[in-house]
Every structure is written in structure tokens, then in C-alpha cells.
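What follows is a single structure, written as C-alpha cells, with notes after it.
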Amino acid sequence: KTDQAEQAFRKAVDFAPALALVHYELGQVYLLQGKWPAAASAFQTALNKDETNSEVHTALGLVLASQGRVDAANGHYRRAVQLDRHNAVAANNLAASLTEQQEYDEALGLALAAHDRAPANPAIKDTLGWIYYKKNRFEDAHRLLAEASGALPQHPTVRYHHAMTLS
């Protein structure tokens with residue numbers, strides 16, 4: 001019932017416009033609806049109210065990355081990790097992005113930290129395994145990517161990474 005949730009959070013924004021949380025929650029509803037620009041706007045408003053929320057930085061990073069704004073997304077992921085060193089999602093997303101930029105050493109540190117915080121998360125296993133692959137650590141890569149592929153059998157990128165280690 002995302003339409004009803006959107007209406008409820010819009011009313012909450014009207015009642016408490018200074019409260020960052022309602023803007024963040026409205027942004028989450030917009031994400032569920034696929035309203036990316038509205039989500040980005042809501043998250044940015046939440047950050048304008050409270051710049052210290054790691055989850056909001058992570059959410060805005062996700063939206064910006066989906067729009068191809070990689071540098072801006074990475075800035076928000078970095079800030080999220082600075083604010084909360086236990087934010088495995090931000091650390092993983094930044095690691096994945098840095099891997100694409102061939103910054104493997106920094107990416108490895110972030111991916112290892114994310115894996116320490118959420119060792120069962122298959123997306124994090126995929127990121128760490130792919131970094132190991134890029135660093136020619138094929139046995140380490142294969143173990144993690146086989147686990148990720150088994151947990152996410154319909155995810156084409158994870159399957160590709162697994163196939164590359166097998167080849």
C-alpha cells in the first residue's frame with residue numbers, strides 16, 4: 001500500500017517538516033515506487049535536517065549510483081562509513097564501486113570490513129570475491145562467489161562473477 005504510505009508520510013512532513021526521519025521514510029516509499037528523483041530529493045532534505053545519519057547517506061548513495069552519478073554516490077558512501085563504521089551496506093557499495101575504478105586495495109579493505117560485519121550477506125560475499133578475483137586470488141574468490149551464486153541464483157552479475165572464477 002505504497003500510495004497510502006506516501007500520503008501518510010507527506011502528512012507527517014506537513015506536521016513535522018524539521019524532522020529528518022519523516023523525510024527519510026518518505027524517500028524510502030519513493031524508492032519502493034521507483035520514483036528515483038523524488039527519493040533523492042527526500043533524502044537530501046533529510047540530510048539538510050540532520051547530516052549525521054549514516055543510513056540516509058547510504059540511501060542517497062544508492063539513488064545517485066542508480067543515476068550513474070558514481071562520484072557523488074561514493075561521497076555519500078564514504079560519509080556513511082565515517083559516521084558509522086558498522087554500516088556494512090555503505091562499505092560494500094563503496095568497495096564495489098572502487099573495484100570498478102580499479103582501486104583494489106582500498107576496495108579490499110572496505111569489503112573485508114563489510115564482510116566482518118555481515119558475513120552471511122551474499123552481496124557482500126560477491127563483492128569480496130570479485131575483488132579477490134581481480135587481485136588474482138582465485139581460490140579465495142571461488143569460495144565466496146560460489147556461496148554468493150548459490151544464495152542469489154537469479155542475479156546475473158553474481159552468476160557472471162562466479163562463472164569467471166570457474167573459467
Side-chain angles (χ1 to χ4, degrees), residues 1-131 144 147-148 151-152 155 157-158 161:
K1 300 181 181 182
T2 55
D3 290 338
Q4 291 175 2
E6 178 184 347
Q7 290 175 356
F9 281 119
R10 284 172 161 259
K11 285 183 182 179
V13 166
D14 290 342
F15 290 129
L19 188 61
L21 180 62
V22 294
H23 295 281
Y24 170 72
E25 294 295 345
L26 180 59
Q28 291 292 339
V29 172
Y30 287 144
L31 280 181
L32 290 171
Q33 296 171 321
K35 297 178 179 177
W36 298 97
S41 177
F43 293 143
Q44 187 58 61
T45 300
L47 286 177
N48 292 344
K49 310 290 181 193
D50 177 12
E51 192 279 330
T52 64
N53 189 314
S54 178
E55 290 182 27
V56 179
H57 279 286
T58 303
L60 185 53
L62 287 166
V63 172
L64 294 171
S66 74
Q67 296 172 335
R69 298 173 57 194
V70 175
D71 291 338
N74 287 353
H76 284 285
Y77 294 144
R78 280 187 197 285
R79 183 66 179 136
V81 172
Q82 289 171 347
L83 291 167
D84 178 5
R85 63 184 180 86
H86 298 291
N87 187 329
V89 173
N92 182 66
N93 291 356
L94 181 56
S97 180
L98 292 174
T99 301
E100 295 302 314
Q101 297 172 2
Q102 300 180 0
E103 296 180 31
Y104 303 129
D105 292 334
E106 183 180 1
L108 179 59
L110 288 160
L112 286 169
H115 189 259
D116 285 346
R117 293 174 197 124
N121 184 314
I124 292 172
K125 288 180 183 186
D126 175 65
T127 299
L128 181 56
W130 191 238
I131 294 166
L144 288 162
E147 291 175 20
L152 300 170
H155 195 288
T157 302
V158 174
H161 291 167

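These numbers come from a predicted model, not from an experiment. Positions are given from 1, in the same order as the sequence printed here.
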### Query
At their closest point, which heavy atom of Ala114 faces which heavy atom of Ala88, and how far apart are they?
CB-O, 3.6 Å
## Note on the structure
Shortest non-hydrogen pair, Ala123 vs Leu152, comes out as N-CD1, 4.2 Å
## Note on the structure
When every non-hydrogen atom of Ala59 is compared with those of Tyr24, the smallest separation belongs to CB-CE1, 4.1 Å
### Test log, rule side-chain contact (heavy atoms from CB on, under 4.5 Å), inputs Phe43 and Val63
CA-CA 9 Å; Phe43 293 143; Val63 172; 3.9 Å; yes
### Query
Checking side-chain contact (heavy atoms from CB on, under 4.5 Å) for the pair Val56/His76: CA distance, chi angles, key distance, verdict?
CA-CA 9 Å; Val56 179; His76 284 285; over 6 Å; no
### Message
Once rounded to the nearest 0.5 Å, what's the spacing between atom CG of Leu98 and atom OH of Tyr104?
### Response
11.0 Å
### Task
Determine, step by step, whether Leu110 and Glu103 satisfy the side-chain contact (heavy atoms from CB on, under 4.5 Å) criterion, reporting the C-alpha distance in whole Å, the side-chain angles of both residues, the deciding distance to 0.1 Å, and the verdict.
CA-CA 11 Å; Leu110 288 160; Glu103 296 180 31; over 6 Å; no
### Message
Quick one about Asn87 and Thr58 (side-chain donor to acceptor, distance below 3.5 Å, no hydrogens or angles considered), yes or no?
### Response
yes
### Message
Using the side-chain hydrogen bond (donor to acceptor under 3.5 Å, both in side chains) definition, which of the options Lys11, Lys1, Lys35 pairs with Glu6?
### Response
Lys35
### Query
If every non-hydrogen atom of Ala73 is compared with every non-hydrogen atom of Gly61, which pair is closest and at what distance?
CB-O, 3.3 Å
### Query
How far does CG of Asn92 sit from OH of Tyr77, to the nearest 0.5 angstrom?
9.5 Å
### Message
Is there a side-chain contact (heavy atoms from CB on, under 4.5 Å) between Val70 and Glu100? Walk through the geometry before answering.
### Response
CA-CA 10 Å; Val70 175; Glu100 295 302 314; over 6 Å; no
### Task
Could you tell me which non-hydrogen atom of Ala111 sits nearest to which non-hydrogen atom of Ile124, and how far apart they are?
O-CG2, 4.2 Å
### Query
Taking Thr99 for the side chain and Ala95 for the main chain, is one N or O donor matched with an acceptor at less than 3.5 Å?
yes
### Query
Is it true that a side-chain atom of His23 and a backbone atom of Pro17 form a donor plus acceptor pair closer than 3.5 Å?
yes
### Residue Arg117 excluded, over 12 heavy atoms near CZ under 6.0 Å
yes
### Message
If I take atom CG from residue Asp126 and atom CD1 from residue Ile131, how far apart are they, to the nearest 0.5 angstrom?
### Response
9.5 Å
### Message
Nearest 0.5 angstrom please: Glu147 CD to Asn121 CG, how far?
### Response
12.0 Å
### Task
Can you measure from OG (Ser97) to CZ (Arg78) and round to the nearest 0.5 angstrom?
8.5 Å
### Task
Output the distance between atom CD (Glu106) and atom CG (Leu108), rounded to the nearest 0.5 Å.
11.0 Å
### Message
Within the 4.5 Å heavy-atom criterion, are Leu31 and Trp36 side-chain neighbours or not?
### Response
yes
### Summary
Looking only at heavy atoms, the pair that brings Leu60 and Leu47 closest together is CD2-CD1, 3.7 Å
## Note on the structure
So salt bridge (Lys or Arg N to Asp or Glu O under 4.0 Å) across residues 45-58, not counting sequence neighbours, yields Glu51-Arg79
### Task
Classify the ring geometry between His161 and Trp130 as parallel (under 30°), tilted (30 to 60°) or perpendicular (over 60°).
parallel
### Query
Judged by modelled atom types alone, do Asn48 and Gln44 share a side-chain donor-acceptor pair under 3.5 Å?
yes
### Query
Looking at residues at least two apart in the chain, or sitting in another chain, which of them share a side chain to side chain donor-acceptor pair (under 3.5 Å) with Glu25?
none
